[in-house]
Amino acid sequence: MQHAGTTRAGRAAGIIAAIGATTIAQADCDWIATPGVDAGNGAVNAMAVYDAGNGPALFAAGTLHGSAGNELAQWVPGEEPGDGAWQRTPFQSGFTSVNAMAVYDGELYIGGTFAFAGGETANRIARWDDNTWNTVGGGVSGIRVEAMVVYDGALYVGGEFDNAGGVDQTSGIARWDGDEWSSVDGGLSSGEVRSLAVYDDGDGEGDGYGEALYVGGNFLNIGTSEADNIARWDGEGWSSVGDGGLGVNIDVTALTSFDGSLYAGGNFREDVDGESEMRGVARWDGDAWSYLGEGVLDDPHTGTIVYDIAGYHDQDGEPVIIAAGRFTEAGDGMPVNHIAQWDGDKWSALGDGLDGTAQVLMTYNDGHGESVFVGGTFTHADGVESDGAARWNCPISGAAPPDPSKSLVEAEPASITGYGGTATVTVTPHDAAGEKLGDGLDVQITANAGDWLDDVNDEGDGTYTRDLLAQGGADGQAVITAVVEGVTLAQSPTVNFVPVHPGKSSIEIASSFTLPGGQVDVTVVPRDGDGQIVGSGFAVDIHTTRGSLDGEVTDHGDGTYTQTLNLPDPGTATLTATVDGMLLDAAASVTVLDPDDFGEVAGIDQHGHPVGYHSIQDAVDAADVDGLLAVLVGPGEYEETVLVDGVTDLTIEAIAASEPAVIRGIVFSDSQAVTVQNLHIVNSPGDGIRMLGRNNASSSIELDHLRIDSAGGRGMRIDQDNHDIVLSNVEILNSQNDGIRMDRHVTDVLMTASVITGNIGNGVRIRRDSSGIQLIGNTLAGNGKNGLRLDRDVALLIEANDILNNGASSGGGNGYGINLQRSGRWGSPHLITVIQNTFDGNNGNPQPNRSDEHIRNYDQMFDDNDDQPGY
């Protein structure tokens with residue numbers, strides 16, 4: 001049977017405890033009475049550590065009676081180890097025999113032969129949550145649940161049952177994920193599961209080793225695999241357990257993972273091949289079975305059976321195994337009376353043992369040190385009255401040993417540069433109860449790569465640290481190992497060495513010049529020896545000799561890192577950077593021009609030299625003559641409407657600053673490849689931006705991050721024959737006419753991420769015979785007339801725009817999200833493609849089968865090229 005806690009199926013953490021040893025005199029160890037269970041003619045079959053809201057506590061269940069009551073009892077410690085007692089729990093009664101207990105996802109699960117729990121139908125399995133017992137997916141159909149364990153994020157349940165929750169192929173074993181039952185690759189065709197354990201056999205040879213679920217019981221097959229009484233589940237399939245054999249010859253009733261091995265107990269005497277006489281208890285190391293001395297024996301009338309196995313470390317840190325069940329001898333005829341311990345070399349008794357069968361073992365620290373709690377059908381332990389439950393306690397000399405699975409080993413950061421980066425390894429030893437062991441321990445920290453900057457530091461707070469240095473520039477990985485008081489801890493974190501090369505990495509800035517009040521984005525790009533970007537996750541620090549850096553460095557996740565530099569005063573700032581503490585060879589500089597020498601406007605020529613100008617217009621007029629590549633505009637208000645006439649290959653930009661650069665307007669005439677960015681155009685007497693047409697038309701004009709506010713005419717007017725225009729992140733609001741007007745024969749315009757709102761006329765108007773227009777990802781909202789007005793014979797893409805609340809003050813047929821002008825000369829619908837836009841709150845005039853409040857003349861607009869919801 002399976003009886004305990006997180007069960008003898010995977011209690012590696014719960015059973016690695018400091019509770020005495022076979023190497024000390026027996027007089028130093030005592031059985032301590034645990035009154036209060038009052039099992040009477042019943043038994044304690046299962047134990048578990050569970051937090052019911054007042055901290056972790058030990059619970060016992062089985063077929064209990066009397067003062068413990070309700071078939072569930074809780075251990076309440078006293079001031080001294082012998083003062084504790086089992087007491088009634090607050091859990092409602094109603095179940096009969098309990099065989100197994102486990103904690104899954106913070107809830108207590110019980111399994112047994114009962115049909116009800118707390119008055120509710122439970123069908124042999126129930127869970128305690130929110131002060132009540134709950135069904136577990138309809139329970140199981142059959143005789144009993146005997147074992148439970150958590151593995152790979154789910155609760156595995158074994159026993160003698162036909163199915164779980166009515167799910168096919170769940171006989172004998174099933175998986176519960178918190179919501180529903182599922183088959184474990186077919187389950188049993190006959191027999192029963194009596195024990196479960198999780199064991200990491202990663203030290204075994206060959207493929208397929210690692211953490212796996214081991215299943216013991218009475219069966220010959222499981223799933224589609226032949227396996228005698230014990231099998232292994234790796235999450236994908238079943239396999240037998242044995243090198244050349246298929247298992248053991250008779251029932252496996254106990255399984256426990258401890259100290260790198262799996263221990264099995266039952267009433268078997270040999271493996272299937274008959275090569276090992278194991279007599280009730282055996283050890284599996286991931287490759288082969290071995291016996292523990294001569295095992296344990298019963299008197300010939302009752303039959304040997306080991307019901308449970310637990311493990312702990314003795315005073316010298318050596319592993320010790322306790323076996324409990326129905327047997328009277330261990331080794332070569334030694335009387336042991338139902339419980340015995342194996343120290344790796346020999347068996348020994350625990351006092352005079354028990355006067356009845358032991359069913360379950362659980363190690364638990366109730367504040368007086370770790371002890372082994374034993375449950376069963378006995379009434380006395382070593383002659384001490386203990387009705388169904390007893391406590392074996394051995395004094396510990398010195399500190400409790402570390403629990404390998406509960407101790408922590410951490411490395412931060414997890415990736416460092418291979419050219420001198422450092423990571424700090426922190427070890428926090430814990431005992432089996434999860435408590436810190438404190439300072440003064442012998443702690444060794446090693447790695448298979450890198451160098452150590454220092455010895456292990458005892459920090460005095462229960463943690464131990466050591467700094468790892470990566471050297472040599474190569475990539476690779478260091479695997480960390482920690483040993484505390486001779487015990488190797490389970491966690492082995494890794495530190496990746498990424499080869500950031502100090503000479504190949506770069507520091508980049510958008511411009512080498514700015515004006516007072518300017519802001520410059522500094523970008524650091526770590527690269528390896530081949531010049532390739534190496535990725536994110538590094539500790540990057542940027543340093544400047546002038547100005548101030550905003551906030552923290554931003555890791556963009558693509559291998560680049562940025563920070564904003566504020567430069568309020570004239571002078572030169574030199575920028576350097578470190579990556580994981582390593583100084584890069586690269587440097588960059590930004591010069592803040594002195595307005596006394598350059599004014600508020602500066603041109604940057606093709607040689608990277610600054611030239612000062614009195615106004616924006618002066619700089620633009622001189623651009624071709626002086627060979628300027630860029631015109632920088634400082635913060636402030638400029639009473640200028642700038643004429644860009646006959647200019648080629650020029651960028652006009654306001655420097656990034658806390659205050660904007662404000663002008664009155666821009667007029668383009670016969671210019672090519674001009675970019676304007678970051679300017680504010682406010683209170684223009686006419687159009688905010690105008691592109692003259694016909695013989696004065698321009699091309700390849702890019703407008704980026706502009707704000708046009710309160711223009712006296714249109715926010716932007718693009719006259720005929722202008723082409724190749726890009727508008728990105730442009731905001732146009734409060735114009736006295738349309739936000740944007742495109743006249744005839746305007747071609748190839750892309751507008752993205754822009755906001756056209758609050759204009760008295762249309763948001764955007766496009767006149768006939770314009771083509772190649774793309775409006776993607778914009779907002780056209782709250783304009784007085786239509787969001788978008790289209791004349792006949794226009795070709796455009798309208799995709800993923802928000803077209804909202806237009807036409808509140810319009811009349812005369814306006815006010816639609818899209819107003820398509822109907823005409824007998826109208827071209828085919830495929831000229832316009834409308835895809836996944838959002839319409840809401842527009843105020844057009846609906847006409848049946850023709851127009852609604854959002855789109856006018858939609859009957860002429862759509863064909864198979866469109867993907868617009870609602871049309």
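Small disclaimer: the values here were computed from a predicted structure and weren't measured. These values consider heavy atoms only, across backbone and side chains, with no hydrogens, waters or symmetry-generated copies.
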Whether Ser225 side chain and Trp238 backbone form a donor-acceptor pair below 3.5 Å: yes
Side-chain heavy atoms of Val198 within contact of Val149, under 4.5 Å: yes
Geometric class of the Phe373/Trp86 ring pair [parallel <30°, tilted 30-60°, perpendicular >60°]: perpendicular
Full working for side chain to side chain contact (heavy atoms under 4.5 Å, CB included) between Val372 and Met362: CA-CA 6 Å; Val372 177; Met362 173 63 70; over 6 Å; no
Side-chain donor/acceptor of Asp228 to backbone N/O of Val248, under 3.5 Å: no
Verdict with reasoning, Glu160 to Arg194, per salt bridge (Lys or Arg N to Asp or Glu O under 4.0 Å): CA-CA 8 Å; Glu160 188 174 4; Arg194 305 189 67 182; over 6 Å; no
Thr113 side chain vs Arg144 backbone, donor-acceptor pair below 3.5 Å: no
Check: Arg391 side chain, Val374 main-chain N or O, donor-acceptor pair, under 3.5 Å: no
Aromatic plane relationship, Trp176 with Trp181 - under 30° parallel, 30 to 60° tilted, over 60° perpendicular: tilted
Main-chain N/O of Val241 paired to Trp289 side chain as donor or acceptor, under 3.5 Å: yes
Donor-acceptor pair between Thr357 and Arg326 side chains, under 3.5 angstrom: no
Donor-acceptor side-chain pairing of His380 and Asp355 below 3.5 angstrom: yes
Heavy-atom donor-acceptor pair, Trp75 side chain to Ala60 backbone, under 3.5 Å: no
Donor-acceptor contact present, side-chain Ser171 to main-chain Ser189, <3.5 Å: no
pair Val193-Phe161: side-chain heavy atoms closer than 4.5 Å: no
Side chain to side chain contact (heavy atoms under 4.5 Å, CB included) assessment of Leu354 paired with Thr379: CA-CA 8 Å; Leu354 309 169; Thr379 60; over 6 Å; no
Any donor-acceptor N or O pair under 3.5 Å, side chains Thr253, Asp251: no
Step-by-step side chain to side chain contact (heavy atoms under 4.5 Å, CB included) determination, Leu361 to Ile309: CA-CA 7 Å; Leu361 299 170; Ile309 299 172; 5.5 Å; no
Donor-acceptor contact below 3.5 Å, side chain Glu329 vs main chain Leu297: no
Donor-acceptor contact present, side-chain Thr170 to main-chain Ser183, <3.5 Å: no
Min side-chain heavy-atom separation Tyr156-Val184 under 4.5 Å: yes
Sidechain-backbone polar pair: Asn337 side chain, Asp352 backbone, donor-acceptor under 3.5 Å: yes
